[in-house]
Enquirer: 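Sharing a structure with you now.
All values below come from the heavy atoms of this structure, side chains included, with hydrogens, waters and symmetry mates left out. Residue numbers start from 1 in every chain, and the chains themselves are labelled A, B, ... in the order their sequence lines are given, proteins ahead of strands. Bear in mind that the values here come from a model prediction, so they are computed numbers and not experimental data.
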4 protein chains.
Amino acid sequence: MPAPDPARRSQESWRAILDAAFAILDEEGYQAVTMSRIAARAGVGRQTLYRWWPSKAAVVFEAFLDKVTTGPFPEEGASFPERLRAHVHGFLALYVDGSGGHRLRELIGAAQTDPELARALSEQWFEPRRAPVRKALLDAQRTGDVRADVDPDTALDLVFAPLHYRLLVSGEPVDAAYVDTVVDLCLAALAP
Amino acid sequence: MPAPDPARRSQESWRAILDAAFAILDEEGYQAVTMSRIAARAGVGRQTLYRWWPSKAAVVFEAFLDKVTTGPFPEEGASFPERLRAHVHGFLALYVDGSGGHRLRELIGAAQTDPELARALSEQWFEPRRAPVRKALLDAQRTGDVRADVDPDTALDLVFAPLHYRLLVSGEPVDAAYVDTVVDLCLAALAP
Amino acid sequence: MPAPDPARRSQESWRAILDAAFAILDEEGYQAVTMSRIAARAGVGRQTLYRWWPSKAAVVFEAFLDKVTTGPFPEEGASFPERLRAHVHGFLALYVDGSGGHRLRELIGAAQTDPELARALSEQWFEPRRAPVRKALLDAQRTGDVRADVDPDTALDLVFAPLHYRLLVSGEPVDAAYVDTVVDLCLAALAP
Amino acid sequence: MPAPDPARRSQESWRAILDAAFAILDEEGYQAVTMSRIAARAGVGRQTLYRWWPSKAAVVFEAFLDKVTTGPFPEEGASFPERLRAHVHGFLALYVDGSGGHRLRELIGAAQTDPELARALSEQWFEPRRAPVRKALLDAQRTGDVRADVDPDTALDLVFAPLHYRLLVSGEPVDAAYVDTVVDLCLAALAP
DNA sequence: CCGTAAGCGAGACGGTACGTCCCGTCTTGAG
DNA sequence: CTCAAGACGGGACGTACCGTCTCGCTTACGG
């Protein structure tokens, strides 16, 4: 089972597969996605999927990454609290609107029984979005705008966790007022 | 097809099914549980499962509820912060030790594509555990120990979300120091 | 893998499967038969085929046996040579006409790489047709109409082999004149 | 798509393919032979097989012809009956020993659903072996050693068919005594 | 003597059949 | 009359080959 040579990979098939996988995910949800349906919709042999991805979860996640993104962390021109608030609102918009971002919830669900997907989600989705916030937070700690005796990752959790908690666990609705309140409380907790 | 008569339900089968379902869940994880395996292990016909539960998720969740619990919220004899901290440590212990509580993570995962399970989890697992905390929080707000201008459910989220966030999303380890820090920060945010 | 209980077998499915298998065999040939097509045409789950038959060859052969037969060996009222000749003409008719008997050739072909099918063909198709001829031959040997110093099975081979040889091996056409000649020569060889 | 130029054909590949195809056939049987395995074992691209042969059956049969042969029909120095008997014993030896000749049975089997292979077998394997016998038989008819009123091909069938019948159809063992008996009976039938 | 066209090894491609597993429903026979 | 046992139609899974295709490479012929 030598790994196939990525250089010989068909770009057309690759694209068609990601498009098909995302389309089914977006239209009918994660449960409705199957390897067979992806292949059929992409006009591709089933073996081509198995050649390049180990599982349905891997294809769907790559398709998700390919189509969905958040805006970058606002880099300059505003205070840390304002930038943080804007970034969190970006997450909220993604999860709530209808363009596929809300399916992340189902991917996180699948990751609970799929360690490989869990790792991919963590490394390729969450960490890239936390990194710039962490960096800005460290700057803010250095300038004294935020108390310096708190582990930055814990502080980030404090902000990001409630949004995901409502999405995944409590089922309570999430809206702008909620995230604003959460951000306010966190900033209060992190005040020097 | 009239609904079956619960009065005639076989108590032995019920017990055997819950035991079998939990045993498979505990030993091999949620994916390994199938209706067939539960029935076989319980020495029960498969139809008996379908008669009383609509899905594997429902059986497994009932089995989970039957076996797993947290201690009650500490009712008296301590300040609100101390009672809150103790309660959160109880959750941590449940999720981390090996007696089946950690499988809740997989149930929450399954709930992402199963609204019925999501509702059951919310109503039968989370809300009963939040209710006494909410009540104590309201008392604390009334006595002025906690600021009164914050929605109690949002405040609860602030405390409970980070623990679940790490479990479900970030994959970072959770330990006593982490939850202590989180509780400290939340109390700071909620200080009058 | 305990053998399933034949008493619980669905008669409707059984019939539908044999009908479907034979229909595909007859219409399109042995190569065109697949387990999937049989199941689809019979309106049956694929697992039902695998439950009762170990292979496509087994289903198709049972379907063949179910639909195709030769007339019985002419029992009385004629001399042994005449009865033998009539019987061999029956085989010829079966193999040459269009009602499915000609597909036996493909079954024998498949049996060359399928010992189980080879055994089934031998025991359930050929031997039942040889047995009455052998019995009549032994009678003829006893009455002195046929020389008694020849092994009956070898004598039967002498008659039946050329027909099958042309069908399977040489590809030469087979007709009534050919089998008549063969029967004549065999009778000459077997004359006392 | 112009036919490829045989002059540029790689002799090394050709040889390696025939060797590989026969080796797999001999060691594991016809079913185990696949185009992929031949190519891999020969160290050859799969396209090279498809360039020069239309099917697995064609490669394998050419490999068989390349490796397996019968002795020539004994030309002189003995009576027709003795030469015939010797020749038939040669076939028996081929089919029974372990040097690959017994795989002819599987090739004949495959030919039942492959007209092209059937034709090739007939023209390139059987007819070359029947021709000298037919010629000798005609001589014997001319000299009066064999009755002249029998079609030579039918007479040949009489001798060759029983051996192949046992191999392909009845599964009964074939040995020297059997073929001797058959030859004796045929000679009796053909006696003037 | 050099380009160019063919054959070549390699292997990805769109397909199809396989045999297994599980789903949720329906049927049967023993207690 | 219940209920364990399990057959049923259905469908996804992952594997094995099929026959076609596209890559670079090497090789030998013809301008």
Enquirer: Quick one: CH2 on A/Trp53 to CH2 on A/Trp14, what's the gap to the nearest 0.5 Å?
Expert: 7.0 Å

Enquirer: Given the rule in the side-chain contact (heavy atoms from CB on, under 4.5 Å) test, do B/Lys56 and B/Thr34 qualify, once you have shown the distances and angles that lead to the verdict?
Expert: CA-CA 7 Å; B/Lys56 149 183 154 177; B/Thr34 70; 5.8 Å; no

Enquirer: Could you measure the distance from the CH2 atom of C/Trp125 to the CZ atom of C/Phe64? Nearest 0.5 Å is fine.
Expert: 4.5 Å

Enquirer: Rounded to the nearest Å, what distance is computed from the CZ atom of residue C/Arg41 to the C1' atom of nucleotide F/dG9?
Expert: 19 Å

Enquirer: In whole angstroms, how far is the P atom of E/dA6 from the CH2 atom of D/Trp52?
Expert: 12 Å

Enquirer: What's the CH2-P distance between C/Trp53 and F/dA7, to the nearest Å?
Expert: 14 Å

Enquirer: Could you state the atom-to-atom distance from OH of C/Tyr50 to P of F/dA12 in whole Å?
Expert: 17 Å

Enquirer: Closest nucleotide of DNA chain E for B/Ser55 versus for A/Gly43: which of these residues is on the 5' side?
Expert: A/Gly43

Enquirer: Rounded at 0.5 Å granularity, tell me how far CG in C/Leu167 sits from CG in C/Leu104.
Expert: 8.5 Å

Enquirer: With rounding to the nearest 0.5 Å, note down the distance linking CG in B/Asp19 to CD1 in B/Ile17.
Expert: 10.0 Å

Enquirer: Going by heavy atoms closer than 4.0 Å, what residues in residues 14-39 of chain D are next to DNA chain F?
Expert: D/Thr34, D/Met35, D/Ser36

Enquirer: Distance from A/Ile24 atom CD1 to A/Gln31 atom CD, nearest 0.5 Å?
Expert: 13.5 Å

Enquirer: Select from C/Ser13 and B/Val44 the residue whose nearest nucleotide in DNA chain F is closer to the 5' end of that strand.
Expert: B/Val44

Enquirer: Of all the nucleotides listed (E/dC26, E/dC13, E/dT20), which has the minimum atom distance to the side chain of C/Arg46?
Expert: E/dT20

Enquirer: Go along nucleotides 24-31 of chain F 5' to 3' and tag each nucleotide: B for a protein heavy atom under 4.0 Å from its base, S when only backbone or sugar atoms are that close, - otherwise.
Expert: ---B----

Enquirer: Would you mind telling me which of D/Leu65, D/Ile38, D/Val60, D/Asp66 makes a side chain to side chain contact (heavy atoms under 4.5 Å, CB included) with D/Leu18?
Expert: D/Asp66

Enquirer: For C/Ala7 and for C/Lys56, locate the closest nucleotide of DNA chain E by heavy-atom distance; then report the residue assigned to the nucleotide nearer the 5' terminus.
Expert: C/Lys56

Enquirer: Give the rounded distance in Å between these two atoms: CG of A/Leu49 and C1' of E/dG15.
Expert: 13 Å

Enquirer: What nucleotide among F/dG10, F/dA7, E/dG15 has an atom nearest to a side-chain atom of C/Gln47?
Expert: F/dG10

Enquirer: Between F/dC3, E/dC18, F/dG14, which nucleotide has the shortest distance from any of its atoms to the side chain of B/Arg51?
Expert: F/dC3

Enquirer: May I have the distance from A/Glu12 (atom CD) to F/dT22 (atom P), rounded to whole angstrom?
Expert: 11 Å

Enquirer: From E/dA12, E/dG15, F/dG9, pick the nucleotide closest to the side chain of C/Thr48?
Expert: F/dG9

Enquirer: Can you measure from CD (D/Glu106) to CG (C/Asp114) and round to the nearest 0.5 angstrom?
Expert: 11.0 Å

Enquirer: Residues two or more places apart in sequence or in another chain: which of them pass salt bridge (charged side-chain N to carboxylate O under 4.0 Å, His left out) with A/Arg37?
Expert: A/Glu28

